[in-house]
Every structure is written in C-alpha cells, then in structure tokens.
Amino acid sequence: GEDVEQSLFLSVREGDSSVINCTYTDSSSTYLYWYKQEPGAGLQLLTYIFSNMDMKQDQRLTVLLNKKDKHLSLRIADTQTGDSAIYFCAERAGNTPLVFGKGTRLSVIA
Amino acid sequence: EADIYQTPRYLVIGTGKKITLECSQTMGHDKMYWYQQDPGMELHLIHYSYGVNSTEKGDLSSESTVSRIRTEHFPLTLESARPSHTSQYLCASSATPGLAGGANTGELFFGEGSRLTVL
C-alpha cells in the first residue's frame, strides 16, 4: 500500500531556514500537501503542490517536488518561534483517503 | 477559514459510559473522516464516508461506530468507553475535486478535535 515517510524531529535556530523532508511511494499521486498542527488543535493546510510541478513558493514557504525520487520538501525561510509545531506531509492518489506521514516536530530555538 | 465544528472539545467520562462525538460542516462537502491521534503522534484513520448512507472503516480497527444520515453531520459513537479509548479524535471533510469548483484539490479541512479521557 501507499506509504509516506518523514523524519520525526527537527530543531533550528530562530531566523534560520528549516527544511522538512518527506518521501512517498505511490507514483500515481496527484497532489501532495503540507499540514501544520499546533498543540491541542486540528491540522491546518499550509500549502499543496500538483504532481506536474517542481516547485511552489508562497511567502516564506517553498515546496520542492522531485517526482522521479518521490521526494517532497518544505522550506520555511526566516523560521520564527511561532513556526514550532508538527508538520505532516500527505499525498492524494485517486479517490482514496489522503495518506499522511507520521509528522515532523519542528522546534525553534530563540 | 474552514467551517467544521466538533463538540465537545474536552470530555472526561467513566468506564462503561456511552459517548457520542459530534462533527458538523457547513461547506457542503461530500466526504467526511474521523482520525484518532495520541498527543503529538501520527494520525490513524478510523472511519470515513463518501456520502449520505455510506460509511467505511479506516486503517485502524476501532470499536467506535459512525453514521451519515445528513451530508453535514458525521457523529462518532462509543457504546461502552474504556481507558484504552483515551485519545484525541479529529474530524475532517473534503469535497471531491470538480464538485466544489474553484481550486479544490480534494484537500482535507479539519476540526479542532475532541479530547476524550476515560477514567
């Protein structure tokens, strides 16, 4: 079945860039998503990328997609303490429910 | 802003009680989902529905049941709560691409969650 893998932890200093990586197995993925979850809350959609794109930029966020290697990354420029959260990668293929990774916990050190 | 609501946000209940977690969305989405998540941990899909009178079990076996009698409403019920049911339950909805128009990609919109503690 489909699988989405992420590293579990990332720690960065305030003002630095954060890069969160994700790999997936389903080559028929159409959309890939990044969600953010703050403590005690639900998930918020941050951004998404269509599978025929290589890159998408939205303010401080840059998504890179390497479809050949099935690798997705999220870069957060000028990381702030408010960016501390869990970030989930997810893929959609066909009409099945989204497949989520286990989440990467980002800690920002002031 | 997503219009999906979960009640109660927090519930502490004794073993053996019946509970229903409510989830409603006002976006007209055809698909709805329930996830179970221990704090800071991965999401587990326990139930989903692709339309009225349609429900499916997810990847994680759960003793809970769901119903979808109306498009906007997707309640989850535990007939007899146990301490092992202590967790956060997240409800989500999505629209089938093409049905909602605009830039809909089939992304999920999540509620704020219901945190259940069974003593």
Side-chain angles (χ1 to χ4, degrees), chain A residues 1-11 22 24-26 28-53 56 58 63 65 72 84-107, chain B residues 1-7 9-10 21 23 25 27 29-51 54-60 87-99 103-115 117:
Chain A
E2 305 92 345
D3 195 22
V4 176
E5 297 284 340
Q6 300 177 241
S7 52
L8 296 182
F9 300 99
L10 177 66
S11 183
C22 170
Y24 59 98
T25 57
D26 194 336
S28 64
S29 295
T30 51
Y31 284 96
L32 294 122
Y33 307 87
W34 284 104
Y35 282 84
K36 177 184 181 182
Q37 185 180 33
E38 297 186 9
L43 277 68
Q44 262 184 298
L45 179 67
L46 274 183
T47 188
Y48 64 89
I49 189 166
F50 188 47
S51 58
N52 68 353
M53 296 169 66
K56 181 178 181 182
D58 184 2
V63 179
L65 175 60
L72 181 74
S84 293
I86 302 176
Y87 291 81
F88 289 91
C89 169
E91 63 162 352
R92 183 168 80 78
N95 200 32
T96 53
L98 296 194
V99 179
F100 285 87
K102 293 182 179 179
T104 299
R105 184 183 293 276
L106 174 65
S107 297
Chain B
E1 183 109 355
D3 295 316
I4 178 164
Y5 308 100
Q6 290 187 240
T7 56
R9 288 291 315 277
Y10 303 94
L21 303 180
C23 177
Q25 51 96 4
M27 297 173 281
H29 287 172
D30 53 326
K31 297 178 177 174
M32 296 189 74
Y33 312 82
W34 277 104
Y35 290 86
Q36 185 174 341
Q37 183 189 33
D38 290 330
M41 304 294 284
E42 62 186 295
L43 299 167
H44 294 286
L45 179 66
I46 50 174
H47 298 283
Y48 63 99
S49 166
Y50 279 7
S54 152
T55 61
E56 302 285 345
K57 290 189 182 297
D59 307 319
L60 181 69
S87 191
Q88 171 155 262
Y89 293 84
L90 292 168
C91 181
S93 70
S94 69
T96 297
L99 289 188
N104 171 39
T105 71
E107 70 266 29
L108 268 60
F109 294 86
F110 282 83
E112 288 294 297
S114 292
R115 185 175 295 280
T117 302

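Per chain, numbering begins at 1; letters A, B, ... match sequence-line order. Side chains included, hydrogens not; waters and symmetry mates left out as well; all remaining heavy atoms used.
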J.: For A:Gln37, which atoms come within 4.5 Å of any heavy atom of chain B: side chain, backbone, both, or neither?
T.: side chain

J.: Counting only heavy atoms not in A:Lys56 (residues, nucleotides, ligands), do more than 12 fall under 6.0 Å from its NZ?
T.: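 Result for NZ/A:Lys56: enclosed.
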
J.: Mind checking the CG-CG spacing from B:Leu43 to A:Leu98? Nearest 0.5 Å is all I need.
T.: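 Between atom CG of B:Leu43 and atom CG of A:Leu98 there are 10.5 Å.
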
J.: Work out which heavy atom in A:Phe88 is nearest to a heavy atom in B:Met41; give both atom names and the distance.
T.: CZ-O, 3.9 Å

J.: Which answer fits A:Phe50, side chain, backbone, both or neither, if we ask what part of it has an atom under 4.5 Å from a heavy atom of chain B?
T.: neither

J.: If I take atom CD1 from residue A:Ile86 and atom CD from residue B:Glu42, how far apart are they, to the nearest 0.5 angstrom?
T.: 11.0 Å

J.: Near A:Arg105 CZ, under 6.0 Å, is it more than 12 heavy atoms from other residues, nucleotides or ligands?
T.: no

J.: What part of A:Leu43 is in contact with chain B, defined as an atom under 4.5 angstrom from a non-hydrogen atom: side chain, backbone, both or neither?
T.: both

J.: Quick one: what part of B:Gln88 sits under 4.5 Å from any heavy atom of chain A, side chain, backbone, both or neither?
T.: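 Side chain only.
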
J.: Given A:Phe100 and B:Leu108, is the side-chain contact (heavy atoms from CB on, under 4.5 Å) satisfied, shown in steps?
T.: CA-CA 11 Å; A:Phe100 285 87; B:Leu108 268 60; 4.2 Å; yes

J.: Relative to chain A, which segment of B:Gln37 carries a heavy atom at a distance below 4.5 Å: side chain, backbone, both, or neither?
T.: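 It is the side chain, since no backbone atom gets that close.
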
J.: Considering all heavy atoms of both residues, which atom of A:Tyr31 and which atom of B:Thr105 are nearest to each other, and what is their separation?
T.: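 Nearest pair, atom of A:Tyr31 first, then B:Thr105: CE2-CG2, 3.5 Å.
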
J.: Report the option among A:Pro97, A:Gly103, A:Gly40 that has the most heavy-atom pairs separated by less than 4.5 Å from atoms of chain B.
T.: A:Pro97

